**Student:** 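Below you will find the structure I want to go over with you.
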Amino acid sequence: MPSWEEILEVVLLQNYNTRLVVLSTTLLGIAAGLIGSFLLLRKRSLMGDALSHATLPGVAIAFAVMVSLGGSGKALPGLLLGATLSGVAGLFTMLLIRRTTRLRDDVAMGFVLSVFFGVGVASLQMVQGLPGASAAGLESFIYGKTASMVQSDFFLIAIVAGIASLISLLFLKEFLLLCFDDGYAGAQGWPTFALDVLLLGLVTAVTVIGLQAVGLILIIAFLITPATAARFWTHRLLPMMLLSAVIGGVSGWLGAGISALTPELPAGAVIVLVAAVLFLISMIFAPPRGVIPRLVRQRHLRRKVDRQHFLRAAFEILEAEAPDRDVPSNSPFPLAALRSKRTWTPHELRKILKIARREDHLEPSEPRMLRLSEAGFGEAARVTRNHRLWETYLIRYADIAPSHVDRDADLVEHILGPELVEELEDFLERGPVAAPIPPSPHPIGKEASSS
Amino acid sequence: MSQMFKKLSPKGDAAGEDLSSHPQDVPLAIHDLTVAYHRKPVLWDVDLDIPEGKLVGIVGPNGAGKSTLIKACLDLIPRASGEIGVYGKPYKEQRHLVAYVPQRESVDWDFPVSALDVVAMGAYRRLGWFRRVTREEAKKAHDCLTQVGIGHLADRQISQLSGGQQQRVFLARALMQDAELYLMDEPFAAVDAATEEAIVSLLRSLSEQGKTCLVVHHDLATVTTYFDWLVLLNMRVVAAGPSETTFTRENLQKTYGGKLSLLEKAAEALRHTID
């Protein structure tokens, strides 16, 4: 195990040997985060995966070409150029299959992925046998390995990542339109095919510069995971992209750092695992879309619904006891009456009553009887009134069959806040279409609600 | 790249601008249009002249080619033959005069944008490449949302809108384009009554301003009340003309064929109400 000093040294970029590697994967992560956002929103993740697998034959062929020209065959720019060309060839094969045959997209992608990867693995074996050159290390393009990186390699990666990031931000508006509604974009005259090719070109660029560190199998995870994680935190595109860039950058930075300290762990796997941890955290905890906040909201909503059902049921019981009065008086009523109003299990009912007592909506009374407190009675009157306002609104304005209204009203009533209810009251009473509040079976005065 | 830029820049359209002032040109003239998907024809020899300032409904059974007709007019799908003129010129020179409302289900509404962001897309063409949405355009987008009755939802993420509200967002985006001809694909599909009313009054006000609307519609019960001109379509144009003379039992029979049995009663009932 590396010591804390060693970890700090690597993570804070003080170790000369690992500095370039860690920096380059960080930049790569930022670019992957930005471009991955569009890839995700365009729903082309699988196409990106096929594309990255299609780069392998190019690596092997570039190696063979460079060796035959008398080089060592391992110059990174040459290998990456080969990877780019074969990636682009794979991409156009996919587009060609899609345009000229009736095969479905996933078939085209599966075909390109497996055929190109198969050719790549085979040709990698073949170039191993070339005389006068050692192809050892080329397999690292499959799984990724932060091999010792020379400065020129770093500059190449940094420049490509930088340019790709800038382009993705420059075309923000165009890519947004393409991803959201390509039909509309086409009708407006935007060159959607060219924009798609540009987007996939950026994906190719990130894939190719990520081959060395992350490897072609896992690069797609590096493109997609940060964007998916970021999506949990926000409903807006630009914040999502920036957050995705941060998550990608942090994954690259920490992942390469950890991998540099424990050489037996391949960098690509560690980077992707760090991204996956960030994804899990986002999925569970992110307030707008995370799992736990959603459960909390649902629980909260259920509580609110139960509370309103209880209060309304209580109010209706009181109304039924004094049918000739405008506003019923607050008197004790039997628990059994409440039970017959709703299908609550004994457990649910106990919980509802417990909450009502905690909110001081109930006053102590004789056993098997319930008595609303003054606050509880006022709240019950208000809740009932809101409910009936909605009922009226739905009947009058939305052409919804009256038999459906009650169920719908329960929902809207609990989801909308009090402001909207007031607006509705206003609308109903003073609006252009003067509508009286319920000539309903249970009229209820305004005084009741203000108490 | 520079050529793409030219095509989209406002200046590139300057030549087309004069044409909108030539009322003698019909907003949409379709001649001999045939569209085929993989050998199976979807539209066959369609000939249509859509008159200016009219609310035109396109009606026909499922698979009649209604959406295809609209998409062909917008150059979104290749056509096997035929010519389409928008105010006397090919569509690609007249894009600034045409607004398109796609089917609501054609996009993923769980997309990280607000209602206002979507409406602002109607200004992208005007803005051209790379320019961000300006403050004036954002204000205009807000006005368009207000016009369809959901100005207060401008900042709402689009997945949190109801189906009817999403449809209104699409209409607001079309309004944003300041077009002369509006092509709408099933704007009334699965919307609530309030939205339906809002769309109808919007269509009427567009028509009063002399704009032309071509609307794919599926509800025979409302077709004559909403539209003053009709196209009955089933692969070919069965009938086209003013609603009163076009919406007849014979024409409907020809359009819907055997499928009419159910609809027949509705049409009969309607003819009584018209008479």
Side-chain angles (χ1 to χ4, degrees), chain A residues 37-38 40-43 99-102 167 169-195 198 227 230-241 243-244 288-289 393-394 396-401 408 412 415 419-420 423, chain B residues 1 3-4 7-8 12-13 37-38 70-71 73-77 91-93 95-96 98-103 106-114 117-118 120-133 155-160 164 170 173-174 177 183 185 192-194 196-197:
Chain A
S37 299
F38 287 123
L40 179 77
L41 293 174
R42 186 76 178 123
K43 304 194 165 51
R99 287 215 148 186
T100 55
T101 71
R102 297 183 73 169
I167 291 178
L169 290 172
L170 187 66
F171 283 86
L172 184 73
K173 172 171 119 261
E174 288 75 12
F175 282 152
L176 165 64
L177 186 60
L178 176 77
C179 295
F180 177 63
D181 192 348
D182 53 356
Y184 185 78
Q188 279 210 324
W190 297 95
T192 50
F193 183 72
L195 283 170
L198 176 65
R231 182 68 184 91
F232 282 108
W233 295 92
T234 169
H235 289 308
R236 305 306 288 270
L237 179 66
L238 195 60
M240 170 184 158
M241 287 179 67
L243 188 60
S244 169
R289 292 165 73 95
Y393 172 77
L394 287 178
R396 286 191 63 91
Y397 293 100
D399 285 356
I400 294 178
D408 276 349
V412 267
I415 286 162
E419 301 87 11
L420 203 89
E423 199 183 299
Chain B
M1 178 74 88
Q3 212 185 346
M4 285 184 219
K7 260 193 219 164
L8 273 162
D13 294 318
Y37 291 128
H38 298 288
I70 284 199
K71 284 182 184 156
C73 293
L74 294 162
D75 285 351
L76 289 178
I77 43 176
Y91 172 66
K92 65 172 191 279
E93 295 169 31
R95 291 187 208 274
H96 61 290
V98 183
Y100 172 42
V101 180
Q103 280 184 25
S106 66
V107 304
D108 171 15
W109 288 92
D110 188 24
F111 200 88
V113 286
S114 68
D117 292 335
V118 175
M121 290 174 188
Y124 281 10
R125 239 191 81 81
R126 274 200 294 278
L127 291 166
W129 288 97
F130 312 130
R131 267 185 67 201
R132 294 293 139 94
V133 176
D155 291 327
R156 192 73 73 84
Q157 200 257 329
I158 54 172
S159 69
Q160 287 157 9
F170 262 11
R173 181 174 70 172
Q177 287 179 245
L183 303 182
D185 203 345
D192 53 289
E196 183 146 350
E197 232 167 85

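Owing to the predicted nature of the structure, the values given are computational and were not obtained by experimental measurement. Note on naming: letters A, B, ... go to the chains in the order of the sequence lines (proteins, then strands), and numbering restarts at 1 for each one.
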**Student:** Any non-hydrogen side-chain atom of B/Ser106 less than 4.5 Å from a side-chain atom of A/Tyr184?
**Tutor:**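 Counting from C-beta outward, B/Ser106 and A/Tyr184 never come under 4.5 Å.
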
**Student:** Under 4.5 Å from any heavy atom of chain B, what part of A/Leu238 do you find: side chain, backbone, both or neither?
**Tutor:**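 Neither part; nothing is under 4.5 Å.
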
**Student:** Which residues pass the salt bridge (Lys or Arg N to Asp or Glu O under 4.0 Å) test with B/Arg156, sequence neighbours left out?
**Tutor:**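 Scan of B/Arg156 (salt bridge (Lys or Arg N to Asp or Glu O under 4.0 Å), adjacent residues dropped) gives none.
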
**Student:** Based on non-hydrogen pairs under 4.5 Å, which of B/Val98, B/Val107, B/Val113 is most in contact with chain A?
**Tutor:**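 Ranked by contacts with chain A, first place is B/Val107.
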
**Student:** Answer with side chain, backbone, both or neither: which region of B/Val118 has an atom nearer than 4.5 Å to a non-hydrogen atom of chain A?
**Tutor:**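 The side chain, not the backbone.
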
**Student:** Check B/Asp108 against A/Lys43 and note the closest heavy-atom contact, atom names and distance.
**Tutor:**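 For B/Asp108 and A/Lys43, the tightest heavy-atom pair comes out as OD2-NZ, 2.7 Å.
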
**Student:** Looking only at heavy atoms, which two atoms of A/Gly186 and B/Leu76 are closest? And how far apart?
**Tutor:**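 Heavy atoms of A/Gly186 and B/Leu76 come nearest at C-CD2, 3.7 Å.
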
**Student:** Can you tell me how far CZ of A/Arg102 sits from OH of B/Tyr37, rounded to the nearest 0.5 angstrom?
**Tutor:**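 B/Tyr37 atom OH to A/Arg102 atom CZ measures 11.5 Å (nearest 0.5 Å).
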
**Student:** Would you say A/His235 and B/Ser114 make side-chain contact, with heavy atoms under 4.5 Å?
**Tutor:**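 They are not in contact (no side-chain heavy atoms under 4.5 Å apart), so the answer is no.
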
**Student:** Taking atom CZ of A/Arg99 as the centre, report whether more than 12 heavy atoms of other residues, nucleotides or ligands fall under 6.0 Å from it.
**Tutor:**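 Counting neighbours around CZ of A/Arg99, 12 or fewer heavy atoms of other residues, nucleotides or ligands fall under 6.0 Å, so no.
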
**Student:** Would you call the rings of A/Trp190 and B/Trp129 parallel, tilted or perpendicular if under 30° counts as parallel and over 60° as perpendicular?
**Tutor:**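 Taking B/Trp129 first and then A/Trp190, their aromatic rings stand perpendicular (interplane angle over 60°).
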
**Student:** Can you tell which part of B/Ile158 gets under 4.5 Å to a heavy atom of chain A, answering side chain, backbone, both or neither?
**Tutor:**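 Side chain only.
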
**Student:** Counting only heavy atoms closer than 4.5 Å, note whether B/Phe170 contacts chain A via side chain, backbone, both or neither.
**Tutor:**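 It is the side chain, since no backbone atom gets that close.
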
**Student:** The test is side-chain contact (heavy atoms from CB on, under 4.5 Å); show your working for A/Leu176 and B/Tyr124 and say whether it passes.
**Tutor:** CA-CA 11 Å; A/Leu176 165 64; B/Tyr124 281 10; 3.3 Å; yes

**Student:** How about A/Leu177 and B/Arg125: do any of their side-chain heavy atoms sit closer than 4.5 Å?
**Tutor:**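 SC-SC contact between A/Leu177 and B/Arg125 ruled out.
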
**Student:** Examine whether an atom of B/Glu196 lies under 4.5 Å from a heavy atom of chain A, and if so say whether it belongs to the side chain, the backbone or both; otherwise answer neither.
**Tutor:**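 Nothing of B/Glu196, per the 4.5 Å heavy-atom cut-off to chain A.
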
**Student:** For chain B, find which of A/Leu237, A/Thr192, A/Leu41 contributes the most heavy-atom pairs closer than 4.5 angstrom.
**Tutor:**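 Heavy-atom pair counts peak at A/Leu41.
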
**Student:** Pick one of side chain, backbone, both or neither for B/Asp75, based on which atoms fall under 4.5 Å of a heavy atom in chain A.
**Tutor:**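 Neither; nothing under 4.5 Å.
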
**Student:** So, A/Lys173 side chain and B/Arg131 main chain: donor-acceptor pair closer than 3.5 Å or not?
**Tutor:**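 Between the backbone of B/Arg131 and the side chain of A/Lys173 there is a qualifying donor-acceptor contact (under 3.5 Å).
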
**Student:** Is it true that a side-chain atom of A/Glu174 and a backbone atom of B/Phe130 form a donor plus acceptor pair closer than 3.5 Å?
**Tutor:**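 Looks like yes, one N/O pair under 3.5 Å.
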
**Student:** What part of B/Asp117 gets closer than 4.5 Å to chain A, counting heavy atoms only: side chain, backbone, both or neither?
**Tutor:**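 Just its side chain gets close to chain A.
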
**Student:** Considering non-hydrogen atoms only, spot the tightest contact between A/Leu170 and B/Arg132 and give its length.
**Tutor:**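 Residues A/Leu170 and B/Arg132, closest heavy atoms: O-NH2, 3.4 Å.
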
**Student:** So A/Gln188 and B/Gln177, do their side chains get closer than 4.5 Å, heavy atoms only?
**Tutor:**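 Answer yes - side chains close enough.
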
**Student:** Between A/Leu169 and chain B, with a heavy-atom cut-off of 4.5 Å, which part of the residue counts as in contact: side chain, backbone, both or neither?
**Tutor:**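 Only the backbone of A/Leu169 comes within 4.5 Å of chain B.
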
